[in-house]
Amino acid sequence: MTSAQVDKQDDRSGNEAVGTAHGAAEGEGYQRGLGARQIQMIAIGGAIGTGLFLGAGKAISKAGPSLILAYAIAGLVIFFIMRALGELLMYRPVSGSFSEYAREFVGPFWGFVTGWTYWLFWVVTGITEVTAAAQYMAFWTHNDVPQWLYALVFTLILYAVNLISVKLFGELEFWFSMVKVTAIVGMILICAGILTVGFSDAADTATVANLWNDGGFFPKGIGGTLMTLQIVMFAFLAVELVGVTAGESKDPEKTLPKAINTVPWRIAVFYIGALIMILSVVPWHEFQPGVSPFVAAFEKMGLGVGAAIVNFVVLTAALSSCNSGMYSTGRMLRDLALNGQGPKVFTRLTKSGTPLIGTTVSAALMLVGVWINYKAPGKAFDYVVSFATISGMWAWIMILVCQIRYRAKADRGELPQSTFRAPGAPFTSWFALLFIFMVIVMMGVDKDSRVSLYCAPLWGLILGVSYLVLKARNPDNKAFAKRS
């Protein structure tokens with residue numbers, strides 16, 4: 001789509017601008033190469049990452065068994081966010097969904113901020129995850145191979161996969177997610193066997209009563225549970241990735257609602273179910289920050305091979321996240337370019353329909369992670385991990401704000417109603433917004449998370465100045481005019 005086509009599209013009336021799902025895909029130039037099987041696994045994989053496999057150890061030490069309740073409440077909020085996103089996607093499925101909806105329902109500046117912030121989130125996340133993947137490889141190589149070399153190889157491989165075709169990206173993400181799902185289901189079944197049949201070294205102390213015997217369900221008090229909410233919410237970052245796939249999904253009217261509606265049982269099984277089983281087999285006080293609860297549980301069971309299994313799974317989770325980052329960044333840059341809020345060179349697609357320049361530039365920036373691994377392999381992960389958190393939650397805030405404004409317009413008859421309305425909205429959306437703001441406050445209270453908040457004003461200042469400069473240079477560009 002050329003800039004002239006974008007301007008022309010802006011002039012259309014409300015109903016004409018909406019279009020059909022297939023029309024949106026044709027206008028964007030993407031190919032619908034993601035099938036229902038891949039969309040389902042992308043949705044599942046987005047909810048399962050290193051935040052569960054590694055970060056849960058720190059959260060358990062802070063809250064004890066009450067972490068289960070924290071995941072349940074946060075999971076409900078995530079479901080509200082995803083249903084709000086689903087309502088918007090069925091109104092108008094586009095690849096740059098978050099920034100496009102912000103542009104339409106809040107204003108061009110907020111679309112600009114959302115697109116560039118989500119791009120930054122995935123670039124930084126890609127650096128973080130490729131760094132983590134390189135560290136995990138040391139489990140087998142014992143540092144015989146430089147950490148930076150693994151980071152370089154992983155980055156180049158995933159870059160190549162994302163340029164070949166969206167179908168290959170979807171297939172790789174399918175198998176990455178399958179590994180994570182299999183690992184968690186396997187852990188749940190093993191723990192269930194220990195609790196019922198009584199095998200392994202953990203059989204003598206394994207009991208469901210471990211959930212309340214050692215200091216009660218809230219051993220660190222309600223305050224301890226509240227302080228884990230930011231850890232819990234961070235574990236769910238990237239669940240919204242399914243929205244970015246809208247422009248390349250086969251039959252999005254069926255596949256996307258189905259994927260979104262699986263959020264409750266995914267959280268119930270993979271988070272709540274897994275934690276109930278693990279904390280029943282291993283008392284909560286035996287878990288330590290920085291140690292995977294899965295590894296700790298395997299060791300308690302006397303299954304030495306468990307450490308190698310979990311290391312492979314967390315390696316897969318890290319590569320899956322980096323793969324998603326490669327995919328998302330190119331689409332976000334292209335959406336910004338199509339709307340006149342980014343360099344036009346980012347609009348270029350390969351013959352297979354992948355955004356060539358946007359993906360290449362983003363991958364090149366992710367190579368910063370290789371340099372960090374070369375200069376400071378021991379501290380690389382700590383240097384970048386805090387920058388990803390607040391930028392990822394910004395997408396959730398804009399999804400909810402846009403859904404609230406869309407629903408108000410649709411109820412007034414100004415826009416067509418979505419075929420996938422969010423239940424309880426707009427009240428559920430307001431509740432989710434308040435919950436997110438409470439988590440941000442908790443981040444400010446926690447000294448370990450506070451650093452990520454310091455970065456937000458600086459990034460906002462950079463975006464504000466950039467927007468004003470672009471608008472001054474192109475005062476007549478409709479990309480900077482609010483849509484009616």
Side-chain angles (χ1 to χ4, degrees), residues 38-39 41-56 78 117-137 150-162 168-181 183-184 231-245 266 270-271 292 294 310-332 359 362-363 365-370 372-373 380-393 395-396 452:
Q38 294 164 325
I39 292 293
M41 274 303 182
I42 288 172
I44 292 174
I48 307 172
T50 51
L52 172 63
F53 291 113
L54 289 177
I78 293 298
T117 299
Y118 199 66
W119 169 81
L120 175 70
F121 163 66
W122 275 115
V123 168
V124 176
T125 298
I127 293 173
T128 303
E129 298 294 2
V130 79
T131 299
Q135 290 177 342
Y136 300 147
M137 289 301 296
Y150 283 121
L152 176 62
V153 170
F154 289 145
T155 302
L156 293 178
I157 290 174
L158 295 177
Y159 168 67
V161 166
N162 275 270
L168 182 58
F169 156 79
E171 198 63 27
L172 187 61
E173 198 59 29
F174 172 87
W175 290 107
F176 279 155
S177 298
M178 183 65 74
V179 169
K180 293 185 283 187
V181 168
I184 296 177
I231 301 175
V232 171
M233 293 297 279
F234 299 159
F236 289 123
L237 288 176
V239 70
E240 75 290 333
L241 178 65
V242 68
V244 184
T245 68
R266 280 186 270 141
F270 300 129
Y271 282 88
S292 169
F294 288 78
V310 172
N311 195 72
F312 175 72
V313 173
V314 294
L315 172 65
T316 300
L319 293 177
S320 171
S321 183
C322 190
N323 188 42
S324 298
M326 291 277 189
Y327 174 85
S328 302
T329 51
R331 273 73 183 170
M332 278 296 162
T359 303
S362 301
L365 289 175
M366 289 180 190
L367 288 176
V368 171
V370 177
I372 294 175
N373 277 278
F381 190 82
D382 295 334
Y383 283 164
V384 294
V385 68
S386 63
F387 291 94
T389 53
I390 196 70
S391 57
M393 292 195 357
W396 295 348
S452 60

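- Listed here is the closest heavy atom pair of A134 and A151: CB-N, 3.9 Å.
- Not a single side-chain hydrogen bond (donor to acceptor under 3.5 Å, both in side chains) links T155 to another residue, sequence neighbours left out.
- Contact of the L152 side chain with the V130 side chain is not registered, since no non-hydrogen atoms from C-beta on lie closer than 4.5 Å.
- S321 and E129 get closest at one heavy-atom pair: OG-CG, 3.3 Å.
- Here the side chains of S362 and W122 are not in contact, with every heavy-atom distance at 4.5 Å or above.
- Taking the side-chain hydrogen bond (donor to acceptor under 3.5 Å, both in side chains) definition, one finds that Y150 meets it with nothing, sequence neighbours left out.
- A distance of 9.0 Å separates CG in L367 from CD1 in I127, rounded to the nearest 0.5 Å.
- Distance check, rounded to the nearest 0.5 Å: CE of M326 to CD1 of I157 gives 10.5 Å.
- Separation of atoms CG (L120) and CD1 (I390) is listed at 12.0 Å; rounding is to 0.5 Å.
- Applying the ring pair (Phe, Tyr, Trp, His ring centres under 6.0 Å) criterion to F294, with sequence neighbours excluded, gives F53.
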Output, in order, the C-alpha distance, side-chain angles, deciding distance and verdict of side-chain contact (heavy atoms from CB on, under 4.5 Å) for T329 and Y118.
CA-CA 8 Å; T329 51; Y118 199 66; over 6 Å; no

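- With rounding to the nearest 0.5 Å, the separation of OG in S324 from CZ in F169 is 5.0 Å.
- Applying the side chain to side chain contact (heavy atoms under 4.5 Å, CB included) test to A133 and every residue at least two apart in sequence or in another chain returns F154, L315, A318, L319.
- The shortest side-chain heavy-atom distance between I78 and W396 falls under the 4.5 Å cut-off.
- Residues passing the ring pair (Phe, Tyr, Trp, His ring centres under 6.0 Å) test with W119 are W116, sequence neighbours excluded.
- For N162, the side-chain hydrogen bond (donor to acceptor under 3.5 Å, both in side chains) partners are N323, not counting sequence neighbours.
- Between F236 and Y271, the ring planes are tilted. Angles from 30° to 60° get that label.
- Taking CE of M332 as the reference point, atom OG1 of T117 lies at 10.5 Å (rounded to 0.5 Å).
- Not one N or O on the side chain of S320 forms a donor-acceptor pair closer than 3.5 Å with the backbone of T316.
- Taking all atoms of both residues into account, the shortest heavy-atom contact from L237 to G392 is CD2-C, 3.8 Å.
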